[in-house]
Amino acid sequence: KISAPDCRPIAARWPLWFLPMNAERACTGLPSAVTLVAPTWSAPVVGSRGLGFAIRHTFAQPPRCTATSYVGTAIGACAVVGCFAVALSKRSTSTGSNLRSSSFASTEARTVAGSRRQGHSGLRHLRRVAAAEGNGSCEQHAADWLEALQDLESEVPEPIDVEVVGELPVGLEGELFKVGPARFQRGGRRYAHWLDGDGAVARLELGRGGAKFSVRFVRTESFAAEEDAGRVLVRGTFGTSRPGGPLANALDMRLKNPANTHVLRWGSKLLAFFEGGLPHALDPATLETHGVETFDMRLRPGLVPATTGVPGIDAVVGLGDAVTAHYRHLSGDSASSASPSVALWAYRQDVKSGNLLLRILEFDEEWCLVSDTDGLQLVGCSFPPHDFLCTARHALWMSSPSQGDLLPLILGFKGPAECIGFTECSRSAFHVLDRTASSGGLAPQVRSFPLPPYHPVHFANMWESVAGHLEVVACCWSPDSVEAVARRGESLLGSWANIAAGDFRGVSPSPLTRFSIDPSVGSVTAEIVCHELGHIDHVQVHPHYEGRSTRHLWGSVAAPDAAGSEGLADPGERASRRRDDAPAAIGSGGGTAQVAPPQCFCCVDLETGRVADHWYAGPRCFVDDFILVAKQPLASGSDDDRDAWLLAPIFDAARGKSSFVVLDGNDLARGPVCEVRLPLRLPWGLHGCWSPVGAE
């Protein structure tokens, strides 16, 4: 057992050797960094801490060390057989995690598209929930939720006019882009998980002439190949496998980049992201896929995001870079620019140390490089975190304690994300970069701040207080939840079939949490912000307040009590929703929100710790991640941090169609200002962005 005093794993120090096979990597018997599978990465690396260990199950306490992931093509197939038994069952650990296992179905992660299995215990639970919510029978509620997770009915390649119920707000003119998994089967074979679904980008154009809509799949290399073959050809990160069972999937570590997680419209480019590879570039007007985006060859595509430190070897082996899904907008006051810019970050694994190597790229609206911060290293972190924060002065990541068992992956039984759990007796850490500090020509230093084992889902905001503390607001799994999952030895994904059926009892809640980092003494304090909400996700602040102290934020939650709710209706039928009609867990002063399919948007007051406002979509409606649009330009000097429009897709099971609603951030309870009705159902999706008229 190798452990530090605080029980965090020690990073392995020896280089990793590569083996040639149809995998993005497998094993080695030479001293090396033990390897692990990154939850949302494209492929794992397998190694060993040395020759002195055998099968994992022979250890009372499995050896621990920092995992490195992703290793590309190999050099000697003859070594595979000799090393296989050694590396297969090795359990390794890491203090970082990119697994988007987080919230309700949301957590952006945890639903099985197309799975129709429901256990008796799940049905009994749904009956209780349905009775409490007034949502009708449990069968109806489960069927509605399952319907939200089905395939996109058809592409709409050419923009079409769509119905606008009500009037679009004056000045709300631009393009909304939304991405998410949208196809969940191929050749009659269902994908194992919603997040393995092929990505599709929707475009909604709003203006004085009304609204136009289009949607197309992102035609990645794997999508095109499978479209031609008519069957699944590449394994998915979240459990989808090729036909033929374990024998057809064993030793094949190639993983699909479905381009289904986030989308960025910036300047003349439209990018679709997935965290295990490089983004794909699309035409903003037609949604035609152009190919992989390398940012003028600053980043290198490869089979896996890793590096040996020797460019020549990396090129031969096929190692490259990946860009994570979450980026941050800087409002013209960044460390390097006086004009608006966007910061995104790439990563690769250092196979020698096991640490994560990062690179922050900042671009202006012409896609001219504003800053390029390379050589960043997150010590003790092997998995890329899902989200990050970036301001004029700081960049911040949080890693959580994770461990994985490679045997089911290598043998073809499971996907990488199914093999990841938490490590007991471990800690999480904040990793902070001071973007203004001079490095004297050396690689910038990232400082780590240990804290109890929180697991981050999404960040809302970060700012520097008068006392010089970094204030961070996020929705996170609590240490109790993380420790409970670790003790049970469960995967972070939980039971996919139960979640698809509407049973969320096994899903850990992500309460809204505020952290205060004191760089002077290296301490971190944490507190729950809103005790009324036991669970919240997709937390966001006003776009002009990113990196600034703010009082309010918005998020999506479940709606345990739907009594008296009318859902989305025509303006003449729509009743204003009063604040005292709140669901039981909203504004009740001490209730806890159920982890369940999201049906409600709320606004939280960070000063009072109370829910300030909410809107409930209705008993048969499910809300999606939303996009905030500032009502006034930044130059207007408005100091109202609720002065924004909230745009979001809603699936109305009663109609069997989706809509985009526009809500007033100052008065959610009023209900939709207008509703843009689509002629089809958009599958429940992920993140999106807004591009105002004249943004190019």
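Only this structure's heavy atoms are used, side chains among them; waters, hydrogens and symmetry mates stay out.
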Side-chain donor or acceptor of Ser426 paired with backbone N/O of Glu424 under 3.5 Å | yes

Would you call Arg642 and Asp613 a salt bridge, using N to O less than 4.0 angstrom?
-> yes

How many angstroms lie between atom CG of Asp480 and atom OG of Ser508, to the nearest 0.5 angstrom?
-> 10.5 Å

So, Arg393 side chain and Arg435 main chain: donor-acceptor pair closer than 3.5 Å or not?
-> no

Can you find a heavy atom in the side chain of Phe388 that is under 4.5 Å from one in the side chain of Trp345?
-> yes

When you measure from the side chain of His687 to the backbone N and O of Val263, does any donor-acceptor pair fall under 3.5 Å?
-> no

Cation-pi check, Arg548 onto Tyr545 ring (under 6.0 Å, within 45° of axis) | yes

Does the side chain of Pro284 reach to within under 4.5 Å of the side chain of Ser268, using non-hydrogen atoms?
-> no

Mind checking the CD1-NZ spacing from Ile627 to Lys178? Nearest 0.5 Å is all I need.
-> 6.0 Å

Within a strict 4.5 Å, meaning less than it, do heavy atoms of the Glu532 and Val557 side chains meet?
-> no

When rounded to the nearest 0.5 Å, the distance separating NE2 of His469 from OG1 of Thr525 is 8.0 Å

Between His552 and Asp641, is a side chain to side chain donor-acceptor pair (under 3.5 Å) present by the stated rule, with each step listed?
-> CA-CA 7 Å; His552 297 97; Asp641 68 353; 2.9 Å; yes

Might you point out which heavy atoms bring Asp364 and Cys368 nearest each other, and give the distance in Å?
-> OD1-N, 2.8 Å

For Phe274 and Val179, run side chain to side chain contact (heavy atoms under 4.5 Å, CB included): C-alpha distance rounded to whole Å, both residues' side-chain angles, the deciding distance at 0.1 Å, then the answer.
-> CA-CA 11 Å; Phe274 177 70; Val179 72; over 6 Å; no

Which distance, rounded to the nearest 0.5 Å, do you find between the CG of Leu330 and the CZ of Phe363?
-> 13.0 Å

Determine whether Tyr454 and Met398 make a side-chain contact, defined as any pair of heavy atoms from C-beta on separated by less than 4.5 Å.
-> yes

Tell me, with the steps shown, if Asp625 and Leu686 meet side chain to side chain contact (heavy atoms under 4.5 Å, CB included).
-> CA-CA 6 Å; Asp625 188 18; Leu686 293 173; over 6 Å; no

Would you say Asn461's side chain and Gly547's backbone share a donor-acceptor pair under 3.5 angstrom?
-> yes

Pick one: which of Leu206, Leu663, Leu168 meets side-chain contact (heavy atoms from CB on, under 4.5 Å) with Cys674?
-> Leu168

Is a donor on one side and an acceptor on the other found under 3.5 Å between the side chain of Arg359 and the backbone of Leu361?
-> no

Would His386 and His326 count as having a side-chain donor-acceptor pair, cut-off 3.5 Å?
-> yes

Check step by step if side chain to side chain contact (heavy atoms under 4.5 Å, CB included) holds for His458 and Asp537.
-> CA-CA 7 Å; His458 288 111; Asp537 196 15; 2.8 Å; yes

Closest heavy-atom contact between Gly534 and Pro509?
-> O-CB, 3.3 Å

Are the charged groups of Asp321 and Arg348 less than 4.0 angstrom apart, N to O?
-> yes

Per the side-chain contact (heavy atoms from CB on, under 4.5 Å) rule, which among Ser400, Ser478, Ser428 passes with Pro453?
-> Ser428

With rounding to the nearest 0.5 Å, note down the distance linking CG in Leu378 to OH in Tyr347.
-> 12.5 Å

Taking the side chain as every heavy atom from C-beta outward, state whether Pro169 and Trp645 have any atom pair closer than 4.5 Å.
-> yes

Taking side-chain contact (heavy atoms from CB on, under 4.5 Å) as the test, write out the residues that go with Glu527, two or more places apart.
-> Arg514

Considering all heavy atoms, the nearest Val539-Ala460 contact = CG2-CB, 3.7 Å

Work out which heavy atom in Ala392 is nearest to a heavy atom in Thr436; give both atom names and the distance.
-> O-CG2, 4.1 Å

Criterion ring pair (Phe, Tyr, Trp, His ring centres under 6.0 Å) on His455 and Phe422, from CA distance to verdict = CA-CA 9 Å; His455 178 63; Phe422 287 123; 5.2 Å; yes

How far apart are the closest heavy atoms of Val201 and Ala272, and which atoms are they?
-> CG2-CB, 4.3 Å

Taking the side chain from Asp296 and the backbone from Arg298, do they hold a donor-acceptor pair closer than 3.5 Å?
-> no

Between Leu358 and Asp374, the two heavy atoms sitting closest are O-OD1, 3.8 Å

Pair Leu271-Leu282, side chain to side chain contact (heavy atoms under 4.5 Å, CB included): steps then yes or no | CA-CA 6 Å; Leu271 304 178; Leu282 288 74; over 6 Å; no

Which of these, Pro181, Pro598, Pro597, sits in a side-chain contact (heavy atoms from CB on, under 4.5 Å) with Trp684?
-> Pro598

Identify whether the distance between the nearest side-chain nitrogen and carboxylate oxygen of Arg328 and Glu362 falls below 4.0 Å.
-> no

For the side chain of Thr513 and the backbone of Pro511, is there at least one donor-acceptor N/O pair under 3.5 Å apart?
-> yes

Atom CG of Asp387 and atom OG1 of Thr324: how far apart are they, to the nearest 0.5 Å?
-> 8.0 Å

Answer yes or no: is there a side-chain heavy-atom contact under 4.5 Å between Pro692 and Glu173?
-> no

Arg670 side chain vs Asp667 backbone, donor-acceptor pair below 3.5 Å = no

Okay, side chain of Thr423, backbone of Ser402: is any donor-acceptor separation there less than 3.5 Å?
-> yes

Measure from the ring center of Tyr327 to the ring center of His329 and say whether it is less than 6.0 Å.
-> yes

Is there a donor-acceptor pair closer than 3.5 Å between any side-chain N or O of His262 and the backbone N or O of Phe273?
-> no

Compare all side-chain heavy atoms of Val432 with those of Trp397 and state whether any distance is below 4.5 angstrom.
-> no

State, with a plain yes or no, whether a side-chain heavy atom of His394 is found less than 4.5 Å away from one of Leu470.
-> yes

